[in-house]
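In what follows, a structure is listed as structure tokens, so that the remarks can point back to it.
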Amino acid sequence: MAERPTVLAATSLTKVYPIRRGVIWKRTIGEVRAVDGVTLTLRAGESVGIVGESGSGKSTTARLLLGLEAPTSGSVEVTGDDLAGLSARQLRRKRRDIQIVLQDPYLSLNPRMTVSAILREPFAIHPDALAPNQSSRQAVAGLLEQVGLGPEFANRYPHQFSGGQRQRIGVARAIALRPKIVVADEPVSALDVSVRAQIMNLLLDLRDELGLSYVFISHDLAVVRQIADKVAVMYSGSVVETGGRDDIYSRAAHPYTRSLLAAARRRAGAVPSSRTDTAGRASGSDATLGAGCRFRWRCWKADDACAGSPPKLEPVPGSSPDHLVACYCPDADDSGE
């Protein structure tokens with residue numbers, strides 16, 4: 001079988017924000033490395049999940065992938081084109097290939113616009129995205145049908161919908177231009193549990209129907225497991241472990257990944273508390289960690305080697321070649337289901 005083409009590639013992606021002090025005369029007193037050397041590859045029809053706790057750099061990575069922010073260093077290629085090398089006009093057209101579903105369905109839709117106006121807006125910017133002899137009204141009706149609503153909803157305002165219905169409208173807007181890639185940034189975290197399942201099933205159906213590729217960002221490991229073919233675990237701006245779904249969920253090697261899985265199983269009542277749960281209690285500040293592994297202040301396995309140079313992503317012994325971990329003392333055994 002021929003290898004599927006790469007539609008999104010991020011290489012050594014880094015974003016640094018300066019820390020400034022002063023009102024009139026501002027001076028830089030430090031920096032925050034929100035994203036630090038992230039490398040990701042997404043192939044056609046594939047889903048990559050990015051997981052990690054709040055502040056790990058997931059949403060900043062999403063903005064860099066979308067071209068909404070420029071990286072401090074590194075590159076992002078969308079369907080073979082480096083975003084940094086595109087003119088404003090070329091970048092505008094390239095955005096047809098990569099769209100986003102935002103986290104909060106209550107804030108992501110303009111309350112002053114009807115659903116019809118919201119969904120017609122992409123076609124006003126890209127009129128050539130309409131099929132031959134198709135009006136924007138017909139396109140809106142088709143989109144609403146595609147996400148499980150109907151044309152009768154077109155003239156309503158966002159406040160007249162439930163949270164799940166609003167997110168369906170957000171998904172319809174994201175697929176309006178028939179993109180190749182959809183970045184879903186915590187798309188179900190603001191929804192009730194029962195509604196989450198409906199939106200996840202919708203995303204899976206659309207992936208099969210339209211051949212979409214997803215970058216799915218979430219802190220919920222159970223949600224990511226439903227949709228992701230590959231998983232990248234982020235901590236403090238860096239990818240600490242990456243691999244296929246089965247590698248991550250059955251053979252996690254990094255202490256942080258194992259702590260996330262243990263906490264998820266504990267919340268589900270599957271296992272009692274264990275030492276891996278202590279990784280959630282920081283004994284140091286990530287802003288002042290200095291050199292070495294950033295996770296060492298929270299790791300029950302940390303030793304002197306962890307305070308040296310930061311560990312690099314290396315293959316996990318006994319696992320698949322694509323299973324990589326940045327750790328001096330990884331666990332190569334099964335982490336258990």
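The first residue of the sequence shown is numbered 1, and numbering continues consecutively from there.
- No continuous path of hydrophobic side-chain contacts links V48 to V224 [ILVMFWY only; heavy atoms under 4.5 Å].
- Partners of Y328 by ring-ring contact (aromatic ring centres under 6.0 Å, His included), not counting sequence neighbours: none found.
- Here the CD atom belonging to Q226 is positioned 8.0 Å from the CZ atom belonging to F216, to the nearest 0.5 angstrom.
- Both I118 and I199 belong to a common hydrophobic cluster when Ile, Leu, Val, Met, Phe, Trp and Tyr are linked at side-chain heavy-atom distances under 4.5 angstrom.
- For T28 against P18, the heavy-atom pair with the smallest separation is CG2-CB, 4.1 Å.
- A chain of hydrophobic side-chain contacts below 4.5 Å, direct or via other Ile, Leu, Val, Met, Phe, Trp or Tyr residues, connects L68 to L102.
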Chi angles and distances behind the salt bridge (Lys or Arg N to Asp or Glu O under 4.0 Å) call for K58, D185
CA-CA 8 Å; K58 305 186 303 297; D185 189 2; over 6 Å; no
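- Residues S320 and D247 bring a donor and an acceptor atom of their side chains to less than 3.5 Å of each other.
- Contact detail for P105 and L191: the closest heavy-atom pair is CG-CD2, 4.0 Å.
- When hydrophobic clusters are built by joining Ile, Leu, Val, Met, Phe, Trp and Tyr residues whose side-chain heavy atoms come closer than 4.5 Å, directly or via intermediates, V51 is not grouped with V215.
- No continuous path of hydrophobic side-chain contacts links I100 to V147 [ILVMFWY only; heavy atoms under 4.5 Å].
- By the 30° and 60° cut-offs, the orientation of the rings of Y235 relative to F295 is perpendicular.
- R63 places none of its side-chain heavy atoms less than 4.5 Å from the side chain of K15.
- Taking a cutoff of 4.0 Å between a charged side-chain nitrogen and a carboxylate oxygen, R294 and D36 qualify as a salt bridge.
- Distance check, rounded to the nearest 0.5 Å: CZ of R20 to NZ of K26 gives 8.0 Å.
- Of the listed residues (R95, R93, R96, R92), just one forms a side-chain contact (heavy atoms from CB on, under 4.5 Å) with I125, and that residue is R92.
- Between T242 and V233, the closest side-chain pair of non-hydrogen atoms is not below 4.5 Å.
- Counting only N and O atoms by type, the side chains of E46 and S213 include no donor and acceptor under 3.5 Å apart.
- A side-chain donor-acceptor contact under 3.5 Å links Y249 to the backbone of L221.
- Minimum interatomic distance between L143 and A172 (heavy atoms only, all atoms of both residues): CD2-O, 3.8 Å.
- At least one side-chain heavy atom of I50 sits under 4.5 Å from a side-chain heavy atom of M234.
- Checking each of E69, E31, R33 against Y17 for a side chain to side chain donor-acceptor pair (under 3.5 Å) leaves exactly one that passes, namely E69.
- In terms of heavy atoms, A129 sits closest to L177 at CB-CD2, 3.5 Å.
- Annotation for A252 and R258: closest pair O-NH1, 3.1 Å, computed over non-hydrogen atoms.
- Contact between I98 and P179 at its shortest, heavy atoms only, is N-CB, 4.2 Å.
- Between atom CD1 of residue I181 and atom OG of residue S47 there is a gap of 11.5 Å, rounded to the nearest 0.5 Å.
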Using side chain to side chain contact (heavy atoms under 4.5 Å, CB included), reason through K180 and L212 one step at a time and then give a plain yes or no.
CA-CA 5 Å; K180 294 178 175 62; L212 295 172; over 6 Å; no
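- The distance from the CG atom of L119 to the CD1 atom of I169 is 7.0 Å, given to the nearest 0.5 Å.
- Of the possible donor and acceptor atoms, one in the side chain of H254 sits under 3.5 Å from a partner among the backbone N and O of Y256.
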How far apart are the C-alpha atoms of R298 and E53, what are their side-chain angles, what is the distance that settles it, and do they pass the salt bridge (Lys or Arg N to Asp or Glu O under 4.0 Å) test?
CA-CA 14 Å; R298 300 170 62 177; E53 62 193 359; 2.7 Å; yes
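- A donor-acceptor pair is defined here as one N or O able to donate and one able to accept, closer than 3.5 Å; no such pair exists between the side chain of S56 and the backbone of S236.
- Within the 4.5 Å cutoff, the side chain of V223 has heavy atoms near those of the V188 side chain.
- No donor-acceptor pair closer than 3.5 Å links the side chain of S218 to the backbone N or O of E186.
- The main-chain N or O of V325 is never found under 3.5 Å from a side-chain atom of E241 such that the two would form a donor-acceptor pair.
- Side-chain atoms of K94 and T79 include a donor-acceptor pair closer than 3.5 Å.
- The OG1 atom of T61 lies 7.0 Å from the CD1 atom of I217; values are rounded to the nearest 0.5 Å.
- Heavy atoms from other residues, nucleotides or ligands lying under 6.0 Å from CG of D304 number 12 at most.
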Test log, rule side chain to side chain contact (heavy atoms under 4.5 Å, CB included), inputs L64 and V35
CA-CA 9 Å; L64 295 174; V35 176; 4.1 Å; yes
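- Between Y157 and H159, the ring planes lie parallel to each other; the angle is under 30°, not in the 30° to 60° tilted range.
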Going through the distances and angles, do K230 and R245 end up as a side chain to side chain contact (heavy atoms under 4.5 Å, CB included)?
CA-CA 5 Å; K230 298 189 300 187; R245 177 176 54 197; over 6 Å; no
Is there a side-chain hydrogen bond (donor to acceptor under 3.5 Å, both in side chains) between S116 and R120 once you walk through the steps?
CA-CA 6 Å; S116 178; R120 286 203 313 269; 2.5 Å; yes
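- For the pair V38 and L40, the minimum side-chain heavy-atom distance is below 4.5 Å.
- A donor-acceptor pair is defined here as one N or O able to donate and one able to accept, closer than 3.5 Å; such a pair exists between the side chain of Q134 and the backbone of A131.
- Side-chain contact check for S162 and R166: no donor-acceptor pair (N or O, by modelled atom type) lies under 3.5 Å.
- To the nearest 0.5 Å, the span separating CZ on R251 from CD1 on I248 amounts to 9.5 Å.
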What's the verdict on side chain to side chain contact (heavy atoms under 4.5 Å, CB included) for V171 and L203, showing C-alpha distance, side-chain angles and the deciding distance?
CA-CA 8 Å; V171 171; L203 293 173; 4.2 Å; yes
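- Side chain of K301 to main chain of C329: a donor-acceptor pair is present (N/O by atom type, distance under 3.5 Å, no hydrogens or angles).
- The closest donor-acceptor contact from the side chain of R43 to the backbone of R4 lies under 3.5 Å.
- Side chain of Q90 to backbone of S87: a donor-acceptor contact under 3.5 angstrom is found.
- The salt bridge (Lys or Arg N to Asp or Glu O under 4.0 Å) pairs that include a residue from residues 193-209 are R196-D220, R207-D229, where partners are two or more places apart or lie in different chains.
- Partners of T41 according to the side-chain hydrogen bond (donor to acceptor under 3.5 Å, both in side chains) rule, which considers only residues two or more places apart in sequence or in another chain, do not exist here.
- The closest donor-acceptor contact from the side chain of Q167 to the backbone of P187 lies under 3.5 Å.
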